[in-house]
Amino acid sequence: MFEAILLTVITASTPLVLAALGELVTERSGVLNLGVEGMMIIGAACAFVAAQLTGSPYIGILAGIFGGGVFSLLFGFLTLTLVANQVATGLALTILGLGLSGQIGEAFVGQPGIKLQPIVFPFLSDIPFFGRVLFRQDLIFYVSIALVVGINWFLFRSRTGLKLRAIGDSHASAHALGINVIRTRYLAVMFGGACAGLAGAQLSLVYTPQWVENMSAGRGWIALALVVFASWRPWRILAGGYLFGAVGIGQLHAQIVAQNLGIVIPSQFLSALPYAATIVVLIIISHNRRTTLINTPAALGKPFVPDR
Amino acid sequence: MRIELQKRARVSTLFSVLSPLLALALTLAFGAIMFWLLGKNPVSALYSFFVEPLLEVWSLHELAIKAAPLILIAVGLSVCYRSNNWNIGAEGQFTIGAITGSILPVMYPAWHSPIILPLMLILGMLGGALYAGIPALLKTRFNTNEILTSLMLVYIAQLYLDWLVRGPWRDPQGNNFPITKTFQIEAVVPEILSSSGRAHWAFIFAIVAAVALWFMMRFMLKGFEVSVLGQSERAGRFAGFSARRMVWFSMLLSGALAGLAGISEVSGSIGHVQPVISPGYGFTAIIVAFLGRLNPLGIIASGLVLALTYLGGEAAQLSIGISDKVSRVFQGLLLFFVLSCDTLIHYRVRLIFAGTKTAEVRG
């Protein structure tokens, strides 16, 4: 029972972790992309359609990453090249993504999807409990864990990561040091888009292998909250992602338990829990102005026009 | 090829007017390409999307019905955005306004008094304002990001509405449909010209709200306060303006207007409460606000344009068989083009090709 619940928590948490990791890198470079929800749903649609057309979920994954990455370029062009308002452009990305994905996936509504099969590690997967939980998962789960480790190393141990953080804290100083601010930010935005796209692919290939309109259901926004919750640190994204995933799965189990006990809790109240939890967590994290100020990339959301 | 921006010495008035029109033209061009890719004749598709709905009187009434909530919400949002408060949860405030406004007709269906409608409208505004007050409180008290909290509250409001109409508010004689009793006639927002179509007073409310807020922004100290605090909180502090009070003012105002839109929609257009009461008006209003360049009078025009995308979507679905999701794509594209064309207002845009050739967008 516990093992089964844990497995569902992992499946529910992985897209949150992935999308939040991508956004973390974007925000560390000083760009606030509120379009995570839009990039995620585009990734989900591209992944599903590609998998249906080719029969391979792996091509689906690639399509999801590609779709999210390309879609994020739209945001990059507007906010970085044309210095449009980042908040408004992010919203535009979400609105367009939801519309466009509906259009892409429309012909595929109701078709049974292709589920990404788990990769089974020989011997390791036979370990009781841990084997099932850790070594019999799909590729996207392994990628999400590798990304946590990799991004942590990149940001805090590599030279390029240091430059990226410098840009996010003061683009003017970084520019004066000869770092190409705009190019780095483009790459960071695209990385965020690719991660959100991969998160979307997980939704339509693993979590619920079918196409449902608006299937991201606010997960992109929860991922944005997760970045604040994690105070822009990769390991805390992992912890926070699993916490949020557990709340989402917990409410499903609570409905069943309550039903068995004969207690009537309206399902809508439990469905609202993840959103309410997000608000509560945001309050707890942000009420201390000092620590928020220290952790937030100082140039976050500020436009930059290089002088010549 | 490279794009280079050069800050203008002053804001270009020419492009202030031209940029929304340019954005519209680009959206139409892209729309034509999209229809062509879908295998439709672009000209006739655009015609049935954007022109046909304007040719008949009843259809113009429908336009006013769809434009009313968009304008009401968007003028409130424009004050928020000008003061740098990012309320994106108008959809939730709309929903809660619809619920609180509907308390009287749902609870007292036998109350036939002319006072019921004004009370409903006031309750709707109160509900919307209170719901917008939550992110305002969290922002001022706990420094919590209002973008995320106001958006999370949208999901919560929609689930709450769903529970209400499937549970306690469900009409026992409604054949098990999740809807409430139809409102008594005194609780329905009256039609403006009932001889020619369904348009009701919400459209008048919208115009009045837009003109009033235009007046405030243009001629009153409060409007100046909004702009100053939005552009520089520091400068506002020197002028003795309080950013904290501005959070409350702008959020409560936009919440109240979204609430008014919600109750007018439920009472005037639908006539009862049901699980889904809005085709995303609260989100589309964000586009309306930007297309109107955050100017209340501009918003009247842009509200009508966006209302046309809803109508056109419905019409095109029937006449040429394309899905109504196309209108969402149009709306998203439009916002993109508006935002990119706005660059021309503040910057000179230069296209620099490899080598020495330099082309310049005039202005």
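Because only heavy atoms are used, hydrogens play no part in the values below, and waters and symmetry mates are left out as well, while side chains stay in. The chains referred to below are lettered A, B, ... by the order of the sequence lines, with proteins before strands, and numbering in each begins at 1. Here the structure is a predicted model, which means the values were calculated and not measured.
By number of non-hydrogen pairs under 4.5 angstrom with chain B, the leading residue of A:Ala88, A:Ala84, A:Ala225 is A:Ala88. Ranked by heavy-atom pairs shorter than 4.5 Å toward chain A, the options B:Leu335, B:Leu151, B:Thr284, B:Leu138 are led by B:Leu151. The candidate from A:Phe269, A:Tyr275, A:Phe77, A:Phe75 with the greatest count of non-hydrogen atom pairs under 4.5 Å with chain B is A:Tyr275. Contacts with chain B were tallied for A:Ile285, A:Val87, A:Leu100, A:Thr278; A:Val87 has the most, counting heavy-atom pairs under 4.5 Å.
Side chains of A:Val305 and B:Lys7 form no contact here, defined as non-hydrogen atoms less than 4.5 Å apart. Looking only at side-chain heavy atoms (C-beta outward), B:Ile147 and A:Leu34 come within less than 4.5 Å of each other. By the 4.5 Å heavy-atom criterion applied to side chains, A:Trp221 and B:Ile88 are counted as neighbours. A heavy-atom distance below 4.5 Å is found between the side chains of B:Leu5 and A:Val83. With contacts defined as side-chain heavy-atom distances shorter than 4.5 Å, the pair A:Ile279/B:Ile156 qualifies. Inter-residue side-chain proximity for B:Ile287 and A:Ile95 is flagged as met; some heavy-atom pair is nearer than 4.5 Å. Using a 4.5 Å cut-off on side-chain heavy atoms (C-beta onward), A:Gln103 and B:Arg328 make no contact.
Residue contact with chain A, scored on non-hydrogen atoms closer than 4.5 Å, involves the side chain of B:Trp86 exclusively. With a 4.5 angstrom heavy-atom cutoff, B:Leu334 does not touch chain A via any of its atoms. With a threshold of 4.5 angstrom between heavy atoms, A:Leu93 approaches chain B through its backbone and through its side chain. When heavy atoms are compared at a cutoff of 4.5 Å, B:Leu339 approaches chain A by way of both its backbone and its side chain. Of the atoms belonging to B:Phe336, heavy atoms from both backbone and side chain fall under 4.5 Å from chain A. Neither the backbone nor the side chain of B:Val154 comes within less than 4.5 Å of any heavy atom in chain A. Within the 4.5 angstrom heavy-atom criterion, atoms from both the backbone and the side chain of A:Leu282 approach chain B. Proximity to chain A is absent for every atom of B:Asp342, based on heavy atoms less than 4.5 angstrom apart.
Here the straight-line distance linking atom CZ of A:Arg290 with atom CG of B:Asn143 works out to 13.5 Å at 0.5 Å rounding. In this structure, CD1 in A:Ile222 is found 5.0 Å from CE in B:Met152, a value given to the nearest 0.5 Å. Going from atom CG of A:Leu224 over to atom CG of B:Leu148 covers 6.0 Å, rounded to the nearest 0.5 Å. To the nearest 0.5 Å, atom CD of residue B:Gln158 and atom OG of residue A:Ser271 are 12.5 Å apart.
Here the options are A:Thr79, A:Leu82, A:Leu74, A:Thr89, the test is side-chain contact (heavy atoms from CB on, under 4.5 Å), and the partner is B:Ser340; only A:Leu82 passes.
Around CZ of A:Phe108, the count of heavy atoms belonging to other residues, nucleotides or ligands within 6.0 Å exceeds 12. Atom CD of A:Gln259 has 12 or fewer neighbouring heavy atoms from other residues, nucleotides or ligands inside a 6.0 Å radius.
Taking the six-membered ring for Trp and thresholds of 30 and 60 degrees, B:Phe142 and A:His287 have ring planes more than 60 degrees apart, a perpendicular arrangement.
Scanning all heavy atoms of the two residues, the minimum distance from A:Glu37 to B:Tyr155 falls at OE2-OH, 4.2 Å.
B:Thr144 places no side-chain N or O within 3.5 Å of a backbone atom of A:Ser286 that could act as its donor or acceptor partner.
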